[in-house]
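Labels below follow one simple rule: chain letters A, B, ... track the order of the sequence lines, proteins then strands, and each chain is numbered from 1. All of these numbers come straight from a predicted model, not from anything done at the bench.
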Amino acid sequence: MERYEHKKVEDKWRKKWIEANVYKTTQDPDKEKFYILDMFPYPSGAGLHVGHPKGYIATDIISRYKKMNNFNVLHPMGWDAFGLPAEQHALKNKVHPRIGTDENIKTFKKQLEKISLNYDWEREIATTDPEFYKWTQWAFIQMYKKGLVYQSNEPINWCPSCKTGLANEDLENGACERCDTPIQKKKLPQWVIKITDYADRLLEDLDKLDWQEHIKELQRNWIGRSEGAEIEFKIKSDEEKTDVVLMHGFEGRGDQGWFSETKHFLEQKGLSVYNPDFPNSNNPSYIEWKKFFDNNVLSKINKNTIFIAHSLAPTFLIRYLSENDLKLNKVLFVAPAIRKNKNIPEIDDFFENFNLQKVKKSINQIIVIYSNDPYIPKEDFEYIIREADAEEIYIENKEHFTQNENTNPEILDILDEKLDSRLRGNDNSSQAVKVFTTRPDTLYGATYMVLAPEHELVNEMLSSCHSREGGNPDDTIKSEDEKLDSRLRGNDAEGVCIKNVDEVRTYQKEASKKTEIERTAEGKEKTGVRLEGVMAVNPVNGEEIPIFIADYVLADYGTGAIMAVPAHDERDFEFAQKYNLPIKMVIQPFGSGNKGTSEKELEKYYNGSKPWITTNDDKGNVILINSSEFDGVQNSKEIKEKITKKAGGKMTTSYKLRDWVFSRQRYWGEPIPLIHCDKCGVVTVPEDELPLELPEVESYEPTGTGESPLAAIDEWVNTTCPECGGDTKRETNTMPQWAGSSWYYLRYIDPKNDKALVDKDKEKYWSPVDFYVGGAEHATRHLIYARFWHKFLYDIGVVNYDEPFSKLQTVGLIMAEDGRKMSKRWGNVINPDDVIERFGSDTFRLYEMFMGPFDASIAWSTEGLVGPRKFLEKIWKSYQSGYVSGETSELLKKTLHKTIKKVGEDIGEMKYNTAISAMMVLANQLEKKKNISTEDFGKFLKILSPFAPHMTQELWSQMGNNTFLIEETWPKYDEKYLSDDEITLVVQVNGKVRDKITVNADITEDEAKEKALESEKVQKHIGGKEIRKVIFVQGKLISIVV
RNA sequence: GCCUCGGUGGCGGAAUUGGUAGACGCGUUGGACUCAAAAUCCAAUGUUCGCAAGAACGUGAGAGUUCAAGUCUCUCCCGAGGCACCA
């Protein structure tokens, strides 16, 4: 008897199949198409371990099964070969990454070939091939042209060890996914792709995919859509504001007729007026006035304050502003005393040091009001109007505005007109912060507000404070001057200022220095700093609440600002406890014992030791309290909308998904096809110049400075601008590893096309991928990027459908025998080559499929390989022993047909373990019966062939066939063999199995009852009691209740 | 903390709509063959009690629904994976 020598058999058929080119993709018009794909591997230096092929074997089985069921099957393989591992390996071993990569691909391919996977190798691709990445670059350029690519200067995730920026998806718990190094925030100009524009479609289209629910769930979480509201809180100064400073001139404030009248008029308008009483006004001294001004006036003004200065007061202000750094918004000079009055010795010192250029800069708006003044000649007014660039208002017949008689209606009219409209109402602030919240229903419970330390408004408020620090010119202030100036001259009159500038600055600096891990470390106590001097106004009830900055609020989610509701949010609660902030309950459970209101939760709520967290309940299980007109109302979506509307906010949506940081400061990747031209700005590389090839260089060490190694290659970097022809430089960053894999599956359809990414007709025929198999670890990177990329290609008409992978199945890991992950580090890696050498490829394939459920992660067991091996030997022996002859017995025939049915069904459901187990049952039965017809044995070989192609092919050939099993047709099962004539009927008494009786399959209830009652065992358990009920399940059981 | 999936013999794992729990494989034990071993074949193999027939218990724990629960409901415990100060 011929022994089963796996090596001989497998080598023989591997060779024959390749010679006959059996794996070539067919495109027979009479057949349906089926595109089945594996996630292509990253060819590392270590070679394949036993875990890699698990998915490939599964798809191979399906592919063979589909071919035998008359499909045109596309089943290709390729290499995802750009990226850091190859580059790091190259650096370490001083081999160019291209050479290393090519070697690794060779090794991988050799290993895969031993498994006899039916790939069409004529369609092999590699992402590192310029003919391939030409189209990666092409797609990028299309995105750029559609405005989906932008340059960002925001701080990005930087891995100091890999020396490159990373996308959000590349992080794992705040550390680099590759090397575990804590990442830092680093400001670097980065190319970023607006994947967030596709967030909604990426989320919603999940519904039409036949993917495992848990993968969809991962993507949903990653995209992280939250429905909520954006609500604006006004910011105001918490000190008493002074709207107008009314300054008298020579001889004090009692002497001017318009003075008290003006004050009264302004106060009627609801403005606060401060009219200082300068010392010794009948014999004034500039030094004394300055002292008074510094001590009394400065502390009462803010940036919106308007100055109305009469006579000598303008003179004072002009000297003061010439000598001190103070910014004023609006100043009305009423009959200002200028040069000619120098003949009044008492006030000569007021006229010194005039610097009208500086004064002009220090005041946003200057208005000069004058009349037919007996004291001051007209040319003096004209002089100051000219020099200070002031607005001029002339009023008839008011002289020096000091007449006592009656009113000065004209000047009041002018004040009315010239006062900033903003000063009229009570609302004197133009600044506001938008917050994002999913809980607008708790708006009445907001007791403070928190901004991210990086929030733009914080910096604005900090810099606006320098306008206060007049007379104290230090370096910082001077350096801020320009910025300040521009803001002052804009329309945006700000009046809010942070008092504890140093403390806030320090906190900001500390926050920026922290790594992501430090900032989010578990159990870390919350920290923050109150912004002294400013308050936020709750738009719904006008309550003024303090503002903090704290790093528990993230700058890049929502609006970077929150309203804090400590009574109903754990984080806010924790913070409020630490900083002694009020906690105001606004949500209460509705009734008691409602769903979602456990006793425990209630307890925490009532003793105030924990925030009362409701799971964003808008099903009416909670009611609102302390919420004005909403008191006692059951919560609902409508209530959220109503409160939002009342607050002047709007309902919006926020996402956790961030835009895709697309630049890598490394060598081994696709060059980004952009050019930076001084004249034309950013220009794309012309499409006819693609591929923009990665230059072959000696040194490709990362610089670590944030610059790509490509930047050092002058002959590559320097180029001419395709638009203006001038000398320019290329973009030197490369694309991330995930670029090529985002669309590679399309290229298999048409791998050699040099005119298009993929031919439209071919794409229409083969796309989308019908079945995609790979690791679950790709759920939030590759599978999101690829869906995005594909949708973009759909939008520009390259592909005909907007989802790339119709069905997705994840493959479970194979752990090492010690239960740990297979890794060089643990020395527990098992190489498939060794297994195949010892047991054969067929056994290896069977074993991996037999281990357990396909998507479960299970430990390898070399002992376990024996089972599948014995199974193959059993079949081999059955044939060699001459069992294959004559007619198949009835029982075996039934088993055969049941098995044919089961194996077909199980392959469709990825239940290989049970398919194999069914075939083992068949083989065991054959061994017992020792007899099967040639035809039936052939059927058995056919259904086993996708699992064990070599041995089945050998026996098929020994039987005298000269065809290939992969080209044979899958056997059909015959219904008539599926049902049994006689079955075992289970007899239960009171739900317990008491006997089993053999009966005809079509037995009726009455017959079954009769037979069951004949049983002694049954009688024993009935024990003479009354039969109350009989339940009969056809073909299964009869249950007697007594 | 949140989300998802799990928890079944010594081990990997099977169990349509609730209907014989433990298929199939490994391992273990006994036997056959052999001078012996390996290989192969046969038999047994959830636990407890029992010479046996048989009985009781048994799918993480507890309760519930049902003639009947691994499967459905509730509460809890444990494990794996994912997300994580996401407002």
As its Watson-Crick or G-U partner within any shown strand, both distances under 3.5 Å, G6(B) has C78(B)
P atoms of C49(B) and G82(B), separation to the nearest Å | 45 Å
From C3(B), U20(B), C24(B), nucleotide with atom closest to N221(A) side chain | C3(B)
For this output row, return yes or no: ring centroids of W860(A) and Y847(A) closer than 6.0 angstrom.
-> yes
Of all the choices, U20(B), A87(B), A14(B), which nucleotide is nearest to the side chain of V553(A) once you look at every atom?
-> A87(B)
Determine the interatomic distance between P on G25(B) and the same-named atom on C77(B); round to the nearest Å.
-> 40 Å
Could you please name the partner base of A14(B), counting Watson-Crick and G-U wobble pairs only when both distances are under 3.5 Å?
-> none
Please name the residue in the list M919(A), K894(A), M920(A) that meets the side-chain contact (heavy atoms from CB on, under 4.5 Å) test with T899(A).
-> M919(A)
What do the steps show when you test E169(A) against T780(A) for side-chain hydrogen bond (donor to acceptor under 3.5 Å, both in side chains), and what is the final call?
-> CA-CA 7 Å; E169(A) 286 79 7; T780(A) 51; over 6 Å; no
Just call it for I858(A): base, sugar-phosphate, or nothing, with non-hydrogen atoms closer than 4.0 Å on any strand.
-> sugar-phosphate
Whole-Å P distance, A21(B) and A55(B) = 13 Å
Re G54(B): Watson-Crick or G-U wobble partner, both distances kept under 3.5 Å, found to be C49(B)
Under 4.0 angstrom, heavy atoms only, what part of the nucleic acid is E217(A) near: base, sugar-phosphate, or nothing?
-> sugar-phosphate
Kindly say whether, by distance alone, the side chain of K526(A) makes a donor-acceptor pair under 3.5 Å with the base of C85(B)?
-> yes
chi for G9(B) classified (syn = within 90 degrees of 0, anti otherwise) as syn
Output the single nucleotide from G25(B), C85(B), A87(B) whose closest atom is nearest the side chain of Y552(A).
-> C85(B)
Within the structure shown, what part of the strands sits under 4.0 Å from S1039(A) by heavy-atom distance: base, sugar-phosphate, or nothing?
-> base
Taking for each residue the nucleotide of RNA chain B bearing the nearest heavy atom, is the 5' side occupied by I562(A) or by K996(A)?
-> K996(A)
Establish, with yes or no, whether the OP1 or OP2 oxygen of A87(B) is under 4.0 angstrom from a side-chain nitrogen or oxygen of S226(A).
-> yes
How would you label the contact of N924(A) with the nucleic acid (heavy atoms, under 4.0 Å): base, sugar-phosphate, or nothing?
-> sugar-phosphate
Y912(A) atom OH is separated from C24(B) atom C1', nearest whole Å, by 18 Å
Nearest listed nucleotide, side chain of K656(A), among A21(B), C83(B), G19(B) = C83(B)
May I ask you to decide if the ring planes of Y579(A) and F548(A) are parallel, tilted or perpendicular, using 30° and 60° as cut-offs?
-> tilted
With ring centroids as reference points, do Y552(A) and F575(A) lie under 6.0 angstrom apart?
-> yes
Which part of the nucleic acid does V1033(A) contact within heavy-atom distance under 4.0 Å: base, sugar-phosphate only, or nothing?
-> base
Does a side-chain N-to-carboxylate-O contact under 4.0 Å join E1016(A) and K1020(A)?
-> no
Nucleotide by nucleotide, 5' to 3', does protein get under 4.0 Å of the base (B), only the sugar-phosphate (S), or neither (-) in nucleotides 39-60 of chain B, counting heavy atoms?
-> -SS-------------SSS---
Rounding to the closest angstrom, what is the interatomic distance between U45(B) and G81(B) at atom C1'?
-> 35 Å
Expressed as a whole number of Å, how far does the P atom of A43(B) sit from that of G50(B)?
-> 28 Å
Smallest separation among heavy atoms of A779(A) and Q219(A), with atom names | O-NE2, 2.8 Å
Are any of the side-chain nitrogens in K7(A) or E5(A) under 4.0 Å away from the carboxylate oxygens of its partner?
-> no
